[in-house]
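The block underneath contains the structure these notes are about, expressed in structure tokens.
Letters go in sequence order (proteins before strands), and every chain restarts at 1.
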There are 2 protein chains.
Amino acid sequence: MNRKVSAITTDTFPNEMRTSLGRNLTYGLLDVIGRGIVIGEYDNVAFPTEAELARKHGVSRAVTREAVKMLTAKGLLSARPRQGTIIQPQSSWNLFDSDVLHWLLERKFSVELLRHFNQLRVAIEPEAAALAAMQATEQECAAMGAGLARMVAAEAGADNTLAADIAFHVAVLEGSGNPFYKQFRDMVASALATSIHFTNRIKGRTASIEDHRAVYDAILRRDSDGARCAMRRLIGDVLELIGEAEATASA
Amino acid sequence: MNRKVSAITTDTFPNEMRTSLGRNLTYGLLDVIGRGIVIGEYDNVAFPTEAELARKHGVSRAVTREAVKMLTAKGLLSARPRQGTIIQPQSSWNLFDSDVLHWLLERKFSVELLRHFNQLRVAIEPEAAALAAMQATEQECAAMGAGLARMVAAEAGADNTLAADIAFHVAVLEGSGNPFYKQFRDMVASALATSIHFTNRIKGRTASIEDHRAVYDAILRRDSDGARCAMRRLIGDVLELIGEAEATASA
DNA sequence: GTTTACGTAATTATCATATCTATCTGACTT
DNA sequence: AAGTCAGATAGATATGATAATTACGTAAAC
């Protein structure tokens, strides 16, 4: 396995490439450049040209162009002849792309972003719970129950707290029967994974199980408004904690 | 301008290329393939290989690959050696990508999709209004006022009803100060543009202006809950109309 | 002095071709 | 059965050449 030595090789990016099935140079470069943009690596310097990017990372221009095109599709870049490739204002980044969100949450951790995201969750998830109460199938309800059961098991150390929490919230979103809500699957998973350390540090999750169960029970008895309120309370609590943390940090 | 004649030329896709700045072959092909996938052009046939796509559209493989990569980034495709390029299940399409949403809404018009989207709006926009009531700047409030004024003007035939409606809703989203809500800008614009004919047909928009003004007033007096309720009522009405239409259609 | 027109050069866009790599299939061996 | 190897296929990558676009500086025009 003696290939040309390059900054980015197929080996450089093994398993953690959550982007579809890719573990090839293009996806590697996509990840490196994307993360670089989000971190702010190019904030005070002109973004490199295709040729420079290719040379710097030791890959061909074709690979570079494909990675750049993918980042363009995600709203991070735009390219024009003679002007070069430039970073788009953050307002046009596609935050609902799980790659972009992942990069954002991964960087120097921003409580503000976490608050913004949970301000979104407090809109989305209660409504999803309400929809789920109206039309979730038995299977979908069973998935929620399983998630809850895992949370209880995790309490006793028999399962992973984070994975259980995610499983429950994802199950509710799936139960909504609405493809837009279902899209939040990856986002919520990504964000919870990042924020769990944060929220855990502030407050034990012991009380949380009961809150989750309240959502679950309401959905089971087809109580749409009850499910909405319970879920809103659940996420509202998280939001409150974040607000307090922000206030403490700035004080 | 005598270049090689091909199925997709630079001239084929002139101005209407809302995707970033592109009016080149890659963006043209992106649009053609993307629309084809959404419409269902490949539903009962194997998706072509890169080579076939390139030949069919008369472009090089490099262009084809770039378009395919962009569609991969939007969640529509995935590619593996030997397996070929395959269409992803609809559940992994990025519905929050304005291209994807545009293609979806453009196809044989689906009332169900419209309902699903408005089920999302009824979660998002009231919360955005509530946030706007808390922290919109004077400028942002002025933008909402301007949108409302345009709606009044449109009533008298002095402005475009659709554009005015969009302007108001976008202004509220912008006023939320939350980047996730701001992302709905393009989506709401895209969806309203498609649905306006539908909703207009069912009900005159005369009553609508007062509903919009109620939202605006609540935000101005910093009444968070009032804004949320007013906006919820506004979109709830639309949702109800869609539900009735669906019931009628299936009856 | 300001604007307009235009040529130049830089950078992306495209093409064509060749080679590499991953992976499925099936035959062959153990 | 289970493992191993060979062939075939389709995407992945590299390379180099050409075209198209347009920012920018310069000169001409007003």
Side-chain angles (χ1 to χ4, degrees), chain A residues 1-15 17 19-31 33 46-73 77-88, chain B residues 1-15 17 19-31 33 46-73 77-88:
Chain A
M1 189 176 287
N2 39 0
R3 2 182 324 163
K4 194 179 75 178
V5 175
S6 56
I8 293 181
T9 69
T10 306
D11 309 324
T12 316
F13 302 92
N15 302 322
M17 209 95 277
T19 312
S20 76
L21 302 144
R23 70 169 95 173
N24 48 36
L25 299 190
T26 301
Y27 287 97
L29 187 58
L30 164 71
D31 205 59
I33 299 181
F47 195 81
T49 65
E50 285 180 0
E52 286 175 80
L53 280 174
R55 188 166 34 75
K56 183 195 296 183
H57 296 100
V59 295
S60 73
R61 256 190 85 204
V63 166
T64 306
R65 282 183 57 82
E66 284 167 20
V68 165
K69 274 281 145 59
M70 292 187 78
L71 288 166
T72 305
L77 294 176
S78 80
R80 305 175 64 181
R82 170 74 213 201
Q83 184 192 29
T85 307
I86 60 175
I87 298 178
Q88 292 285 98
Chain B
M1 184 169 297
N2 39 1
R3 359 180 326 159
K4 193 179 79 176
V5 176
S6 56
I8 293 181
T9 69
T10 307
D11 310 325
T12 315
F13 303 93
N15 301 321
M17 209 94 276
T19 313
S20 76
L21 302 145
R23 73 169 95 172
N24 46 38
L25 299 190
T26 301
Y27 288 98
L29 188 57
L30 163 71
D31 205 59
I33 300 181
F47 194 82
T49 64
E50 286 179 0
E52 287 175 79
L53 280 175
R55 188 165 35 75
K56 184 194 296 185
H57 297 99
V59 295
S60 74
R61 258 189 88 197
V63 167
T64 305
R65 280 184 60 81
E66 283 167 21
V68 166
K69 275 280 146 59
M70 293 187 78
L71 289 166
T72 304
L77 294 175
S78 80
R80 304 177 66 179
R82 169 77 211 206
Q83 182 191 26
T85 307
I86 61 175
I87 298 179
Q88 291 285 97

| field | Interatomic distance, A:D31 atom CG to A:T26 atom OG1 [nearest 0.5 angstrom] | value | 12.5 Å
| query | CG of B:L71 to CD of B:Q88: how many Å apart, nearest 0.5 Å? | reply | 11.5 Å
[X] side chain near [N] phosphate (N/O to OP1/OP2, under 4.0 Å):
X: A:S60; N: D:dT13; result: no
X: B:R82; N: C:dA22; result: no
X: B:T85; N: D:dG11; result: yes
X: A:T26; N: D:dT13; result: yes
X: A:K69; N: C:dT12; result: no
X: A:R65; N: C:dA13; result: yes

| said: Any non-hydrogen side-chain atom of A:S78 less than 4.5 Å from a side-chain atom of A:I86? | reply: yes
Name the closest nucleotide to the [X] side chain, picking from [options].
X: B:A79; options: D:dA14, D:dA12, C:dT12; answer: D:dA12
X: A:R80; options: C:dT12, D:dT22, C:dT23; answer: D:dT22
X: B:T49; options: D:dG11, D:dT13, D:dA20; answer: D:dG11

Could you give the [atom1]-to-[atom2] distance, from [X] to [N], as a whole number of Å?
X: A:Q83; N: D:dT21; atom1: CD; atom2: P; result: 15 Å
X: B:E66; N: C:dA16; atom1: CD; atom2: C1'; result: 14 Å
X: B:H57; N: C:dT14; atom1: NE2; atom2: C1'; result: 17 Å
X: A:Y27; N: D:dT13; atom1: OH; atom2: P; result: 10 Å
X: A:L53; N: D:dT13; atom1: CG; atom2: P; result: 16 Å
X: B:L29; N: C:dA13; atom1: CG; atom2: P; result: 14 Å
X: B:I86; N: D:dG11; atom1: CD1; atom2: C1'; result: 13 Å
X: B:N24; N: C:dT12; atom1: CG; atom2: C1'; result: 9 Å

| query | When the nearest nucleotide of DNA chain D is assigned to A:R61 and to B:E50 on a heavy-atom basis, which residue is associated with the more 5' position? | reply | B:E50
| said: Checking A:T64 against A:E50 for the side chain to side chain donor-acceptor pair (under 3.5 Å) test, could you report, in this order, the C-alpha distance in whole Å, the side-chain angles of both residues, the deciding distance, and whether it holds? | reply: CA-CA 7 Å; A:T64 306; A:E50 285 180 0; over 6 Å; no
| How far apart are the C-alpha atoms of A:E66 and A:Y27, what are their side-chain angles, what is the distance that settles it, and do they pass the side-chain contact (heavy atoms from CB on, under 4.5 Å) test? | CA-CA 9 Å; A:E66 284 167 20; A:Y27 287 97; over 6 Å; no
